[in-house]
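Structure first, commentary second.
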Amino acid sequence: MKPSNADKWYALDDFVFQPKKTDTSKYSNPDNDPRGAWKADPFDAPAIRENLTYEIVNPNTGESFLPPKGRHWRNEKSNYESLLADNRIIFGKSGRTKPQLEVFYSEAQIKGQIATSWFDADVFDTSTNGKKELLNILSDVPAEKIFDTPKPTK
């Protein structure tokens, strides 16, 4: 939550969901980045958008990656290139995997975390995993013809 407006959120009588503080345990700084602690987030997002579907080449291995089935990259190619130049894109701990985005704690702290569901993902799983389950079951069906937000069996 933003420190500047947290009191306003908590004071609202009809405010049902309280912002959660950003979990600092998910952030570290293994490469001593001067911007501080960060975590690796997936660079792909749900659904398929043609302008966000392009090939990304891992500069360490030369291997090409497309977004996983039923997904697209989270930024347009020009934004991806800017993030790569700014050392915000990593390719896993080994440098050999698909792209991930470095999200800095300082940025996440400003945004905070808002609970978007009454169902805790640690207990009930996520719609992302539900989509993966459905894609495995319907492997011969094109991803764009599969329901966008299936619920996981968990």
Side-chain angles (χ1 to χ4, degrees), residues 1-132 135 143 148-152 154:
M1 81 191 88
K2 289 184 185 179
S4 62
N5 69 6
D7 291 339
K8 292 177 188 173
W9 282 98
Y10 287 114
L12 294 173
D13 291 336
D14 60 347
F15 190 63
V16 177
F17 295 106
Q18 299 292 340
K20 298 189 304 185
K21 292 187 178 183
T22 303
D23 182 357
T24 59
S25 70
K26 298 181 191 278
Y27 296 82
S28 65
N29 194 357
D31 59 352
N32 294 316
D33 192 304
R35 294 171 283 195
W38 56 271
K39 70 174 183 168
D41 267 0
F43 194 68
D44 54 84
I48 299 172
R49 290 181 44 193
E50 292 301 319
N51 65 322
L52 299 176
T53 302
Y54 51 89
E55 193 173 271
I56 291 180
V57 177
N58 180 323
N60 304 313
T61 65
E63 185 178 359
S64 295
F65 291 94
L66 286 170
K69 185 177 177 181
R71 299 178 71 81
H72 59 254
W73 298 129
R74 65 193 284 174
N75 291 101
E76 292 179 348
K77 189 168 186 172
S78 61
N79 290 348
Y80 161 77
E81 290 168 351
S82 295
L83 291 165
L84 183 64
D86 192 30
N87 296 318
R88 298 286 304 264
I89 302 293
I90 60 168
F91 292 87
K93 290 179 182 178
S94 67
R96 307 183 65 79
T97 63
K98 66 182 181 176
Q100 295 175 294
L101 177 66
E102 284 187 5
V103 176
F104 291 95
Y105 174 72
S106 58
E107 298 165 338
Q109 187 178 18
I110 291 168
K111 293 178 184 173
Q113 298 176 356
I114 304 286
T116 55
S117 172
W118 291 350
F119 301 108
D120 187 339
D122 293 335
V123 176
F124 298 102
D125 216 346
T126 64
S127 60
T128 298
N129 287 337
K131 179 85 174 216
K132 288 177 183 176
L135 286 170
D148 285 339
T149 55
K151 304 306 175 243
K154 184 176 177 182

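For the atom pair Glu81 CD and Asn79 CG, the distance stands at 9.5 Å (nearest 0.5 Å). A distance of 7.0 Å separates CG in Asn75 from CG in Leu101, rounded to the nearest 0.5 Å. Between atom CG of residue Leu52 and atom CD of residue Glu76 there is a gap of 6.0 Å, rounded to the nearest 0.5 Å. Atom CG of Asp33 and atom CH2 of Trp38 lie 8.0 Å apart (nearest 0.5 Å). With rounding to the nearest 0.5 Å, the separation of CG in Asp125 from NZ in Lys151 is 11.5 Å. To the nearest 0.5 Å, atoms CG (Asn58) and CD (Glu63) are separated by 7.0 Å.
Ring geometry, Tyr27 versus Tyr105: the interplanar angle exceeds 60°, so the pair is classed perpendicular (tilted spans 30 to 60°).
At least one donor-acceptor pair under 3.5 Å links the side chain of Arg88 to the backbone N or O of Glu102. Distance alone, capped at 3.5 Å, is enough to place a donor-acceptor pair between the His72 side chain and the Ala47 backbone.
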Problem set entry | Arg35 and Asp86: CA distance, side-chain angles, deciding distance, salt bridge (Lys or Arg N to Asp or Glu O under 4.0 Å) verdict | CA-CA 11 Å; Arg35 294 171 283 195; Asp86 192 30; 3.1 Å; yes
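Results of the ring pair (Phe, Tyr, Trp, His ring centres under 6.0 Å) test with Phe43 over Phe65, Tyr54, Tyr80 single out Tyr80 as the only residue that passes. When each of Lys132, Lys98, Arg74 is paired with Asp44, the salt bridge (charged side-chain N to carboxylate O under 4.0 Å, His left out) condition holds for Lys98 and for no other.
In terms of heavy-atom proximity, Ser64 sits nearest to Val57 at OG-CG2, 3.7 Å. Scanning both residues, Pro99 and Ile89, for their nearest heavy atoms gives CB-CG2, 3.9 Å. Closest of all the heavy-atom pairs between Thr61 and Gly95 is CG2-O, 4.1 Å.
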